[in-house]
Amino acid sequence: MSSSELLLGLSQKALYLLQEDADKIEKLIEVQMENLTTRKCPLYEEVLDTQMYGLSREIDFAIRADLITETVGKQILVKLERNLAQLYEALNKKE
């Protein structure tokens, strides 16, 4: 296996794992959106914020290790941040 094949394999694995973590956060957001009838939960928000921070650090590492491009990393985060903003907006409307 050549070094370029190895790097490609590592890049694909890194992207897969990052997307898997992003999907978990997406699921947390979806669950909270489905339960908008419940009161705003600071603990839940803290968990989401912590998960988002952790994912951003993972993405930063993958970018610095040249496993993914900065554009790909930003795309993952922007999508989640948009969904998170929609959640917070919906929660604020409920208050």
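None of these values were measured; they are calculated from a predicted model. We count residues from 1, following the sequence as given.
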Undergrad: Do Val47 and Tyr88 share a hydrophobic cluster (ILVMFWY, side-chain heavy atoms under 4.5 Å, transitive)?
TA: yes
Undergrad: For the CD1 atom of Ile25 and the CG atom of Leu84, what is their distance to the nearest 0.5 Å?
TA: 9.0 Å
Undergrad: Is there side-chain contact between Ile76 and Asp21, with heavy atoms separated by less than 4.5 Å?
TA: no
Undergrad: Taking side-chain contact (heavy atoms from CB on, under 4.5 Å) as the definition, give me every residue that meets it alongside Gln86, ordered by chain and number, with sequence neighbours left out.
TA: Asn83
Undergrad: Within the 4.5 Å heavy-atom criterion, are Leu55 and Glu58 side-chain neighbours or not?
TA: yes
Undergrad: Looking at OG of Ser56 and NZ of Lys74, how far apart are the two atoms once the value is rounded to the nearest 0.5 Å?
TA: 12.5 Å
Undergrad: Residues in side chain to side chain donor-acceptor pair (under 3.5 Å) with Asp23, at least two apart?
TA: Gln19
Undergrad: Testing the basics here: between Arg57 and Asp60, what is the closest heavy-atom pair and its distance to 0.1 Å?
TA: NH2-OD2, 3.1 Å
Undergrad: Return the set of residues passing side-chain contact (heavy atoms from CB on, under 4.5 Å) with Ser2 (not counting sequence neighbours), or none when no residue passes.
TA: Ser4, Glu5
Undergrad: For Tyr16, check side chain to side chain donor-acceptor pair (under 3.5 Å) against everything at least two apart and list the hits.
TA: Glu20
Undergrad: Would you please name every residue forming a side-chain contact (heavy atoms from CB on, under 4.5 Å) with Ile63, sequence neighbours left out?
TA: Ile59, Ile68, Glu70
Undergrad: Determine all donor-acceptor pairs shorter than 3.5 Å in which one atom belongs to a side chain in residues 7-15; sequence neighbours excluded.
TA:
residue	atom	partner	partner atom	Å
Ser11	OG	Leu7	O	3.0
Ser11	OG	Leu67	O	3.0

Undergrad: Which distance, rounded to the nearest 0.5 Å, do you find between the NZ of Lys27 and the CD of Gln32?
TA: 13.5 Å
Undergrad: Tell me every residue that passes side chain to side chain donor-acceptor pair (under 3.5 Å) with Arg82, counting only those two or more places apart in sequence or in another chain.
TA: none
Undergrad: Go through the steps to decide whether Leu87 and Leu48 satisfy the test side chain to side chain contact (heavy atoms under 4.5 Å, CB included), and finish with yes or no.
TA: CA-CA 11 Å; Leu87 170 62; Leu48 279 172; 3.7 Å; yes
Undergrad: Which residues satisfy the side-chain contact (heavy atoms from CB on, under 4.5 Å) test with Asp66, sequence neighbours excluded?
TA: none
Undergrad: If hydrophobic clusters are built by linking Ile, Leu, Val, Met, Phe, Trp and Tyr wherever their side-chain heavy atoms come under 4.5 Å apart, do Val31 and Met52 end up in the same one?
TA: yes
